[in-house]
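One structure below.
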Protein chains: 2
Amino acid sequence: MQAIAYNLQKGITVANSSTLRDIAEKAGVSVSTVSRVLNDQPGIGSKTRARVLAVAQELQFVPNAAARSLATKRTRNIGLVNYKWAVPSQFVASSLDSVGIDEECQRLGYHLLTTLVGEQAMKRNALQLPMVREERVDGLILAGPAIKPSFIIELYNSGLPVVLLDNRLRGTDIDCVLHENETGVYRVTQHLIQEHQHQVIAFLSGPDTWLSSRERAAGYHSALAEASLEPHLFLMPDTTVETGMKAMQTALIKIPDLTAVVAVNDAVAVGAMRACKAIGRSVPEQIAVVGFDNIGWSELHDPPLTTVHAFGEDMGRQAVRRLIELIESDPNQEHARLRLRVATRLIIRRSCGCD
Amino acid sequence: MQAIAYNLQKGITVANSSTLRDIAEKAGVSVSTVSRVLNDQPGIGSKTRARVLAVAQELQFVPNAAARSLATKRTRNIGLVNYKWAVPSQFVASSLDSVGIDEECQRLGYHLLTTLVGEQAMKRNALQLPMVREERVDGLILAGPAIKPSFIIELYNSGLPVVLLDNRLRGTDIDCVLHENETGVYRVTQHLIQEHQHQVIAFLSGPDTWLSSRERAAGYHSALAEASLEPHLFLMPDTTVETGMKAMQTALIKIPDLTAVVAVNDAVAVGAMRACKAIGRSVPEQIAVVGFDNIGWSELHDPPLTTVHAFGEDMGRQAVRRLIELIESDPNQEHARLRLRVATRLIIRRSCGCD
DNA sequence: AAATTATACGCAATCGCTTGCATAATATTA
DNA sequence: TAATATTATGCAAGCGATTGCGTATAATTT
């Protein structure tokens with residue numbers, strides 16, 4: 001093995017980055033002038049301004065976050081609160097949100113503090129969240145339907161800007177960004193009905209306390225109602241593959257002539273397909289199955305899953321934009337509540353019967 | 001729909017949390033005394049101490065992070081740098097690390113700043129990372145094998161505490177925490193040889209620049225050498241399902257009598273199985289396939305994947321512990337480099353031929 | 001040219017907490 | 001009991017920014 005020569009110089013710690021004072025001295029002006037120049041404030045002569053800017057450039061000045069925060073009461077950090085699923089695979093769908101969130105933060109010069117909250121943590125007061133208590137964030141994105149209403153309310157009432165991701169709170173005007181759940185499921189259900197002439201279609205739904213479940217169920221219902229078909233709804237306590245399997249088993253027993261299933265998400269859909277396979281019913285020949293989310297694995301399944309693509313990355317981006325809007329807006333000035341919807345797209349593959 | 005009544009009081013913004021001064025006045029002592037009490041420093045009478053503590057409790061005092069940082073030059077934030085995969089599904093395996101990282105941070109009173117760096121960002125100097133430039137973190141966890149050596153070196157040389165997760169840099173003494181890659185793959189390969197009498201076994205490896213790939217390949221090699229079998233190594237530019245499929249196709253053509261494959265990770269293994277299915281070779285009857293990671297879906301695959309379980313959560317936890325150790329240790333005092341290995345576990349399912 | 005209004009800039013306080021040093025209070029020793 | 005060593009506390013100067021207010025210059029108006 002050949003030794004690799006890196007230019008190691010640990011210990012020669014990087015020089016402390018320069019301060020406003022350094023710039024001020026070198027440019028022969030006062031600290032406050034420098035501050036004003038660097039913050040694009042008016043009232044500074046163009047000549048001075050140029051000189052200061054030049055020196056700042058030369059010294060590679062970067063403002064110290066702590067000092068700035070202390071003076072301005074703003075951190076330029078935002079917090080992302082995710083639910084800590086007991087089952088790790090549940091994280092999959094939301095990981096894409098994070099990508100969008102991260103990118104948009106970077107783009108807008110914000111930093112992202114993340115944290116997971118479990119059932120345990122949600123029993124305590126939300127203001128006990130470390131990042132909130134210690135005033136480390138200017139605002140929060142609360143992601144997913146599993147964050148408890150009381151938790152949300154506590155944060156919202158504290159005055160901290162908050163936006164909900166993939167969730168909403170009835171009776172409040174908390175901003176949120178959501179998938180077009182209803183339309184998405186409506187379309188895929190309609191597809192089953194119109195293209196494949198299914199008559200007996202079940203819906204495997206998540207908890208009724210989750211907005212996305214309710215809305216997706218609504219989409220299912222309206223598609224069925226439109227075709228005068230009878231709905232069959234199955235509620236599950238969560239939306240994992242395992243739960244999907246169980247629900248599907250129940251469904252198959254309770255509805256002998258079942259020919260199609262729309263699942264509240266892809267994980268459940270996969271579970272449903274496994275259940276079918278387990279009792280020897282082929283998908284999609286005997287039972288059609290469709291999902292929601294379009295997670296990576298849905299394409300690789302056999303048969304490939306027909307599903308509704310959720311643009312998680314865009315959702316994340318929108319949430320960040322809105323949150324920063326709230327943060328930077330004048331808190332005294334009333335602003336309209338915003339509910340953003342991000343469109344979905346039908347992804348036709350084979351599990352619906354298409355080929 | 002029934003209206004839901006929440007106790008909304010937006011605008012009644014939470015009272016600014018109390019400061020040292022508030023406590024000092026109420027307790028009739030000086031600010032510095034309060035500070036000393038709250039930081040458990042010696043030299044304060046037990047009586048005063050008790051009184052201060054009581055008042056602090058009563059006022060629900062929480063120190064302001066910005067002020068504290070400004071004074072101490074420490075943030076109690078650590079940064080997590082992840083590689084921004086082009087293919088979203090690549091995120092899956094590392095998502096578990098994050099859980100451990102987050103938990104351990106919370107436990108130790110630190111906060112987690114996360115960011116994704118893509119190829120683009122890695123071309124710039126690592127010190128340009130926003131969270132580093134603005135001194136928002138006390139240390140960094142650099143996760144995954146795709147972070148460029150030059151990037152790592154730049155950070156390390158700056159004196160910022162750094163620990164590598166699932167990666168290592170030859171010729172440096174940068175701390176890292178790693179899976180027991182070699183042992184893990186050695187075992188699973190041995191299993192194929194000893195329990196299933198395979199003689200022609202290929203290894204589908206990731207880029208040779210990735211430590212985990214090299215080490216896993218080494219495990220494969222030593223198991224084969226031990227049994228005097230001839231190795232067949234296939235290198236891939238990345239480790240997605242798609243790449244795995246392609247690599248497997250090549251392998252099947254180049255080695256007609258191939259009977260088993262060990263994949264550098266589960267995604268690749270899934271790709272390999274798909275390739276087999278595509279040309280009608282059954283797994284495990286005609287070709288055995290095993291993986292590494294034990295991601296959620298590996299159990300659900302048909303056949304269920306035999307693999308090596310990687311304890312990602314523990315890795316993350318260890319990384320945090322070590323990083324904080326570095327952060328809080330005296331920077332002048334030399335400390336030994338640490339390379340932590342987290343053991344793996346063989347998960348026998350059906351894709352190897354067991355039942 | 002004197003008076004008035006703008007324009008540029010500096011002074012100094014402030015944000016909330018830490019910490020070296022001085023000093024008052026108490027305990028120890030001779 | 002006086003002298004000395006301890007212990008407990010306060011003062012005040014930072015840390016690195018922002019910002020209200022005052023003032024010397026320059027520009028404008030009579």
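Being a predicted model, the structure only gives us computed values, none of them experimental. In what follows, chains carry the letters A, B, and so on, assigned in the order in which the sequence lines appear, proteins first and then strands, with residues in each chain numbered from 1.
Protein atom CD of Gln41(B) is 6 Å distant from nucleotide atom P of dT19(C), rounded to whole Å. Rounding to whole angstrom units, CG of residue Asp40(A) and P of dT18(D) are separated by 12 Å. For the pair Ile23(A) CD1 and dT18(D) P, the interatomic distance rounds to 11 Å; values are reported in whole Å. The interatomic distance linking Leu70(B) (CG) with dA13(D) (P) rounds to 17 Å, in whole Å. As rounded to whole Å, 18 Å separates atom P of dA12(D) from atom CG of Leu20(B). Whole-Å rounding puts the Glu134(B) CD to dG16(D) C1' distance at 14 Å. In this structure, Arg21(B) places its CZ atom 15 Å from P of dA12(D), rounding to the nearest Å. Per the geometry, CZ belonging to Phe61(B) stands 12 Å off C1' belonging to dT18(C), to the nearest Å.
Using a 4.0 Å cut-off between charged side-chain N and carboxylate O, Glu103(A) and Arg107(A) make no salt bridge. No salt bridge links Arg321(A) with Glu325(A); every basic N to acidic carboxylate O contact stays at or beyond 4.0 Å. Salt bridge status for Lys26(A) with Glu58(A): present, with a side-chain N to carboxylate O gap under 4.0 Å. For the pair Asp97(A) and Arg317(A), the salt-bridge criterion is not met [side-chain N within less than 4.0 Å of a carboxylate O]. Using a 4.0 Å cut-off between a side-chain N of Lys or Arg and a carboxylate O of Asp or Glu, Asp175(B) and Arg337(B) do not qualify as a salt bridge. Salt bridge absent: Glu119(A) and Lys84(A) never bring a charged side-chain N and a carboxylate O closer than 4.0 Å.
Between Ser35(A) and dT18(D) there is a side-chain N or O to OP1 or OP2 distance below 4.0 Å. The side chain of Lys47(B) places no N or O atom within less than 4.0 Å of a non-bridging phosphate oxygen (OP1 or OP2) of dA8(D). Contact annotation: Arg68(A) reaches the phosphate of dT18(D) (side-chain N/O to OP1 or OP2, under 4.0 Å). An OP1 or OP2 oxygen of dG16(D) is reached within less than 4.0 angstrom by a side-chain nitrogen or oxygen of Lys73(B).
Within the 4.0 angstrom heavy-atom criterion, only backbone atoms of the sugar-phosphate kind lie near Ile44(A); the bases stay farther away. Thr48(B) comes within 4.0 angstrom of the backbone, heavy atoms only, and of no base. In this structure, Thr72(B) reaches the sugar-phosphate backbone alone: every heavy-atom distance under 4.0 Å involves primed, P, OP1 or OP2 atoms, never a base. Within the nucleic acid shown, Gly43(B) comes within 4.0 Å of at least one base atom, counting heavy atoms only.
Between dG16(C), dT18(C), dA17(D), one nucleotide has an atom nearer to the side chain of Asn39(B) than all others, and that is dT18(C).
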Report the C-alpha separation of Leu169(B) and Tyr156(B) in whole Å, then their side-chain angles, then the decisive distance to 0.1 Å, and conclude whether the side chain to side chain contact (heavy atoms under 4.5 Å, CB included) test is met. CA-CA 11 Å; Leu169(B) 207 49; Tyr156(B) 182 67; over 6 Å; no

Between the protein and nucleotides 10-13 of chain C, list every N/O to N/O distance that falls short of 3.5 Å.
{"from": "dG10(C)", "atom 1": "OP1", "to": "Ser30(A)", "atom 2": "N", "distance (Å)": "3.3"}
{"from": "dG10(C)", "atom 1": "OP2", "to": "Ser30(A)", "atom 2": "N", "distance (Å)": "2.8"}
{"from": "dG10(C)", "atom 1": "OP2", "to": "Ser30(A)", "atom 2": "OG", "distance (Å)": "3.0"}
{"from": "dG10(C)", "atom 1": "OP2", "to": "Thr33(A)", "atom 2": "OG1", "distance (Å)": "2.3"}
{"from": "dG10(C)", "atom 1": "O6", "to": "Arg36(A)", "atom 2": "NH1", "distance (Å)": "3.2"}
{"from": "dG10(C)", "atom 1": "O6", "to": "Arg36(A)", "atom 2": "NH2", "distance (Å)": "3.3"}
{"from": "dC11(C)", "atom 1": "N4", "to": "Ser32(A)", "atom 2": "OG", "distance (Å)": "2.9"}

